[in-house]
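These notes are about the structure you will find just below.
Quick caveat: nothing in here was measured; it's all calculated off a predicted structure.
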Amino acid sequence: MASIDYFFSVLSPFAYLAGDELEGIARKHGASIHYRPFDILYLFTKTGGTAPKDRHKSRQAYRLQELSRVAKFKGMPINTTPAHWPTDPVPASCAIYRAAAEGGDIGRLAQTILRACWADELDIAEAEVIGNCLEQAGFPKSLGCDAGKEFERLFLQNTANAEEKGVFGSPTYVVDDQVFWGQDRLPYLDAWLSGDL
């Protein structure tokens with residue numbers, strides 16, 4: 001059975017715009033998904049990336065256009081300049097780790113958190129927001145009450161693991177030594193798992 005390491009930031013608009021396409025591909029191929037939220041801004045500093053606010057104005061403008069286009073194409077609501085972005089990614093990331101340890105629909109939880117940021121104008125660093133996201137995805141609100149040092153360490157470990165595997169952006173899907181960066185590369189992931197690439 002194929003295994004997909006899904007490296008993403010809970011702050012990533014393109015992870016939001018991926019929707020549940022990854023989960024559909026995994027079901028199609030009987031593949032497992034390991035959800036690995038990581039620190040995208042730290043990884044930018046290690047891999048030559050630039051935070052959106054520090055990019056050239058032409059790149060900033062293009063990013064906003066692209067977000068609007070992709071959202072419209074996919075029929076997804078988006079606010080390209082959300083009120084609570086960027087925010088601290090650790091609490092929401094740690095809630096995903098805690099939920100994964102319990103078992104359940106982690107894809108739904110990740111999408112609920114991403115939607116809260118990019119469509120619902122909510123601060124995903126706030127305990128109440130995280131608790132509501134957990135509940136909407138079928139988990140107890142209490143999983144978001146305290147991130148804990150163990151889960152903060154896991155956040156850092158996933159970031160280091162992402163760098164080791166050649167990840168430099170979000171979302172990124174890794175199967176064995178193959179790295180697929182961006183939600184628009186999901187068809188290539190599908191083809192790879194089918195043996196067509």
Side-chain angles (χ1 to χ4, degrees), residues 3-27 30-43 67 70-71 74-162 167 169-174 183 186:
S3 177
I4 304 166
D5 282 321
Y6 176 28
F7 292 97
F8 68 103
S9 168
V10 295
L11 302 178
S12 168
F14 290 103
Y16 163 62
L17 291 170
D20 62 359
E21 191 174 344
L22 172 63
E23 287 73 21
I25 291 169
R27 282 193 300 273
S32 61
I33 304 171
H34 303 281
Y35 294 86
R36 306 197 186 284
F38 71 100
D39 186 344
I40 185 68
L41 293 179
Y42 173 79
L43 204 62
L67 291 176
V70 174
K74 299 190 76 170
M76 297 175 70
I78 193 169
N79 182 343
T80 58
T81 55
H84 304 285
W85 182 91
T87 191
D88 183 2
V90 174
S93 298
C94 291
I96 291 172
Y97 302 144
R98 294 188 78 183
E102 294 289 317
D105 192 342
I106 305 305
R108 183 178 174 197
L109 174 58
Q111 291 153 28
T112 301
I113 289 170
L114 288 159
R115 185 177 63 246
C117 176
W118 290 98
D120 299 338
E121 291 290 346
L122 299 172
D123 186 351
I124 61 170
E126 292 183 356
E128 183 178 356
V129 172
I130 295 168
N132 289 337
C133 288
L134 283 159
E135 191 171 60
Q136 289 170 38
F139 295 94
K141 281 188 171 185
S142 59
L143 291 180
C145 290
D146 178 19
K149 294 297 182 185
E150 174 188 352
F151 294 98
E152 289 183 23
R153 283 194 297 272
L154 188 54
F155 184 67
L156 296 175
Q157 288 170 5
N158 274 339
T159 303
N161 188 231
V167 174
S170 172
T172 298
Y173 317 94
V174 179
Q183 92 293 339
L186 282 166

- Do S170 and S9 have side-chain N/O donor and acceptor atoms under 3.5 Å apart? no

- Message: Below 30° counts as parallel, above 60° as perpendicular, anything between as tilted: where do the rings of F38 and F7 land?
- Response: perpendicular

- Query: What class does the angle between the rings of W85 and W118 fall in, given that below 30° is parallel, 30 to 60° is tilted and above 60° is perpendicular?
  - Reply: tilted

Hey, what do you get for [atom1] ([X]) to [atom2] ([Y]), rounding to the nearest 0.5 Å?
| X | Y | atom1 | atom2 | answer |
| --- | --- | --- | --- | --- |
| R98 | S142 | CZ | OG | 7.0 Å |
| N132 | L122 | CG | CG | 8.5 Å |
| T112 | I130 | OG1 | CD1 | 13.0 Å |
| L114 | D120 | CG | CG | 11.0 Å |
| Q183 | L186 | CD | CG | 7.5 Å |
| L154 | R36 | CG | CZ | 8.0 Å |

Kindly give the heavy-atom pair with the smallest separation between [X] and [Y], and that separation in Å.
| X | Y | answer |
| --- | --- | --- |
| A95 | L109 | O-CD2, 4.2 Å |
| I96 | V10 | CD1-CG1, 3.8 Å |
| A99 | I106 | C-CD1, 3.6 Å |
| P37 | F155 | O-CD1, 3.9 Å |
| G103 | F139 | O-CE2, 3.3 Å |
| T80 | L67 | CG2-CB, 3.8 Å |

- Apply side-chain contact (heavy atoms from CB on, under 4.5 Å) to Q111 and list each qualifying residue two or more places apart in sequence or on a separate chain. D20, E23

- So, the side chain of Y97 versus the backbone of E152: is there a donor-acceptor pair under 3.5 Å, distance only? no

- Task: Please confirm whether the backbone N or O of Q136 pairs with a side-chain atom of R108, one donor and one acceptor, at under 3.5 Å?
- Result: yes

- side-chain contact (heavy atoms from CB on, under 4.5 Å) assessment of Y35 paired with F8: CA-CA 8 Å; Y35 294 86; F8 68 103; 4.1 Å; yes

- Looking at D123, I124, V129, which hits side-chain contact (heavy atoms from CB on, under 4.5 Å) with C117? I124

